[in-house]
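Each chain gets a letter, A, B and so on, in the order its sequence line appears, and its residues count up from 1.
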There are 2 protein chains.
Amino acid sequence: MKKGHQVTMKEIAKKLGVSVSTISRALKDSPELHPETKRKIVEMAKEMNYQPNLLAQSLRISRTKTLGVIVPEITSHFFASCISGIQDHANKRGYNVMICQSNESIDQEIANIKTLVASQVDALLISLSRETNHYEHLYELYSREIPFVLFDRVQEDIPVSKITFNDAGGAYQVTHHLLEMGCRRIVYVSGPEDLYISKKRKEGYLKALAEYGIAEESDLIKISDLTEQDNVRVAKEIMEMKTKPDGVFCMIDPVAVDVLTYWKSKGVKVPEEFALAGFTNNPTAAVVEPPLTTVSQPGYEMGKLAVSHLLDQLDGLASDDPISIVLDTTLVPRKSSQKTI
Amino acid sequence: MKKGHQVTMKEIAKKLGVSVSTISRALKDSPELHPETKRKIVEMAKEMNYQPNLLAQSLRISRTKTLGVIVPEITSHFFASCISGIQDHANKRGYNVMICQSNESIDQEIANIKTLVASQVDALLISLSRETNHYEHLYELYSREIPFVLFDRVQEDIPVSKITFNDAGGAYQVTHHLLEMGCRRIVYVSGPEDLYISKKRKEGYLKALAEYGIAEESDLIKISDLTEQDNVRVAKEIMEMKTKPDGVFCMIDPVAVDVLTYWKSKGVKVPEEFALAGFTNNPTAAVVEPPLTTVSQPGYEMGKLAVSHLLDQLDGLASDDPISIVLDTTLVPRKSSQKTI
DNA sequence: CTGTTAGCGCATTCAG
DNA sequence: CTGAATGCGCTAACAG
C-alpha cells in the first residue's frame, strides 16, 4: 500500500506561472507582496488542497514545533490525565506532541528518549520509570542542551525544572486525618524504598505522627513491590499482627484497593477494624465499598503547568533557570476512614 | 531556550576526510564498502555521538515510519489500552506513533487528521468521536490515498479495514445471561441512538430476547446522553416504573456504575430488585459493590491487531482490500446479576 | 570501493 | 514587488 501524492508549492507555482518563493511568501502572509497575487495564490492553494509538508518546513527552520512526552504507563489514569493536559495546552500554543511509554523500564525510557531526539522534538517532558536508578541519559540530554522538564517522577539533582506534587504534604494530610479520626497505630504501606514518592510520603507520614508525639515504629512500615500479590501479602501481615494497628495509609490507591478487597474476602471490616486511606484519587477509589479516603492529585493540571512552563522557556517568556513547581494536593475524606471514636 | 548542536554526517565526513555518501553507506552497513573504512566511520560516529536526523531522512525517502493515532479520549482506560497495544507493536516493527485525542469533538478530529497528515505520518488509526456524524474528512483521506484503518468506533460504509468488537454478540451474551438468571423484563440503557455501538448492542439485546420469545418493548429502551446527570435520570425513571423491570443492561460500564451508585443511595438493592450489567469491563466494574457483571473487550489486543494489519498492508504483507476484523468479547459474570431464581 | 551530483519541500538571503 | 540561488541533512543514481 502506498500513499497518494501531496500537492507541493512547486506545483502550484507552475500552475500560476510564478516562482516557488512567491508561493512561500503568499502562504505566510508576507507584507511585501502584491495583494492581488497573494489572493490568487491563496485561492489556488485552497483549490488544489495544498497542505504544507511539516517535515520539509521543520528541516528548513530546524524547529519541529513538536514536544516529546515520556510516561511510565499510558493506561494509568493519572498519567493519562497528565498527557491530556499536556496535549491540550501544547496544541493551544501551536505545538504537537509525541507520546511514549516506558512501561516502567529504564531501557525503554532510554530508547524512547533516543527516538524522540532523533525525531527532532523541540523539547521533552519526562516522568521517570520506577526502574530508573541512574541518570546518565538525562545528563546527556542536559549536556546536549535539549530542553526538558521532569514531572511527578523526578530526580532531584538534575538542574532542570521539575513539577511535582507536594507529596510530603499530601501524606501529612492523610495521616493527620487518620490521627484525627482517632487512629494511633498507623501503618504506612510504602512502595520500593528508593522511589521518590515512597520517601516523600513517608516524610509526611512521620511528620504527622511526630505532631501527635508518636515515634516512628519500624514494624508499622511495610514495603510492597506494588504487585497485587505483594499487596495481598502485606494486607495479610497487617491483619495478623500481634499488636493490631488501627489505621493504614497506602502509598497509592491501587494498593489500598487490593488490601480492601482482600480484607473484605476475609471478613475484616473497614473502617471499623482498620481505617484505610490511599493516595492519588483514582476513579476506583470513589466506587469501592466503602469509598476510599484518599488525596487528589490533579494530573491534568500538572500536565498543563509542566507544558506551559516548558513552552514559556522555549519561547523566551520565562528564564532558563530551572525552577521547581510544587502543586498542592487535596484531602478527599470518604467512608473508609470514618472511624467512630 | 535553544537546543544544542547535533552532529551531522557532514561533520564526521570532514573529520575523516571522506565524502558524505561514504558515511551514509557505512552507517547503513552497505556491503560495497571497504570493511576498514566502515569500521573507522562507525567508530567515529559513536565517538562523536552521532544521531541521524529522522526529519531529513524522512524527507528524502518520503516515509516517516510514523503512524498517527486518533482516539476520542486518552483518559478512558479502554482507549489507553488500545494505544498501548498500538504503540508496543508499532515499535516492534520499527514505527513510531503520534497520538491525538478528539475529545469527542468532530472539529477536533478533523484538526487532528490535518495535523497528522501535515506531519507526513505514513498511515492513521482512527476511532471516531461521538459527535462524528458526517464523514467527508475520512473520504478525503481515502481519496488522497492516505492509508488508514478504523477501530472500535467505526463507520461501516467507508471502504477501509475496520477492527471492531462483536458488539451485538457481547450484548447477546449479557442479555442471555440475564435471562438465564431469571430476568424477563430487561431494560436496555442505550447511548445516543446514532452511535454505532448503541445500535449494535441493541441488536444483540433484541436477539437474546427473541430467543426467549420476548418481544421488543419500547418502554424498556432508555436513551442516555451518557453524562452522569442523565444516567441518574434514567436510574430514577427505571425504579419508578409502574411495571417494574427485573434486569438492566447498560451499554457501557460507567452508566451502570452511575445507576448503581444512585440506587445504593436510595436503598435499592442490586441484584435483588434489579439485576445489573454493563459492558467493557472497566477497572471500576470489578471493585464496585456488588461487583458488576460485564463483558470484557481487550483493548490492548484490539490495538495490536489494528496496527499489525495496517502495517501488513503498508509493508505489502497483506492485500490492500479492506477487511473487517471482529474480535469476540467475553462475558464476565459477577455478583450484580446473581439473582436467585 | 568511493566521490560527485542531484534533489526531497520549503524558507530565506540577494538581486533585480 | 518578485525571481534566482542556496542550503537544511540525508539518500541514491551515476560515474569512475
Distance, rounded to the nearest Å, where A:M9 contributes CE and C:dT12 contributes P: 10 Å

B:N53 CG to D:dC10 P, straight-line distance once rounded to whole Å: 6 Å

Reported CD-to-CZ distance for the pair B:E73 and B:F79, which is rounded to 0.5 angstrom: 9.0 Å

d(CG, B:L54; C1', C:dC8) in whole Å: 15 Å

Euclidean distance, atom NZ of residue B:K40 to atom C1' of C:dT2 [Å, nearest integer]: 14 Å

Donor-acceptor pair, side chain of B:S84 and main chain of B:A80, under 3.5 angstrom: no

Contact under 4.0 Å: A:Y50 side-chain N or O vs C:dC10 OP1/OP2: yes

Sugar-phosphate only, base, or nothing, as touched by B:V18 at under 4.0 Å among non-hydrogen atoms: sugar-phosphate

Whole angstrom value for the distance that separates P of C:dG3 from CG of B:L16: 10 Å

Side chain of A:K10 - closest among D:dA12, D:dG3, C:dC8: C:dC8

Candidates C:dC10, D:dG3, C:dG3 - which lies nearest the side chain of A:S19: D:dG3

For atom CG of A:L55 and atom C1' of C:dG9, their distance in whole Å: 9 Å

Given C:dG3, D:dT2, C:dC10, the nucleotide with the shortest approach to the side chain of B:T22: C:dG3

Nucleotide nearest A:L59 when distance is taken to its side chain, options C:dC8, C:dT2, D:dG9: D:dG9

B:I41 CD1 to C:dT2 P, straight-line distance once rounded to whole Å: 8 Å

Side chain of A:R25 - closest among D:dC1, D:dG3, C:dG9: D:dG3

Nearest-0.5 Å distance, OG1 of residue B:T64 to CG of residue B:L59: 11.0 Å

Sugar-phosphate only, base, or nothing, as touched by A:S21 at under 4.0 Å among non-hydrogen atoms: base

Touch class at under 4.0 angstrom, heavy-atom based, for B:T37 against every strand present: sugar-phosphate

Separation of A:Q297 CD from A:I197 CD1 (nearest 0.5 Å): 7.5 Å

Residue-phosphate contact under 4.0 Å: A:K28 side-chain N/O, C:dT12 OP1/OP2: yes

Nearest-angstrom distance from the residue atom CZ of B:R63 to C1' of D:dC10: 15 Å

Intermediate values then yes/no, salt bridge (charged side-chain N to carboxylate O under 4.0 Å, His left out), B:K40 and B:E43: CA-CA 5 Å; B:K40 261 192 194 153; B:E43 200 166 276; over 6 Å; no

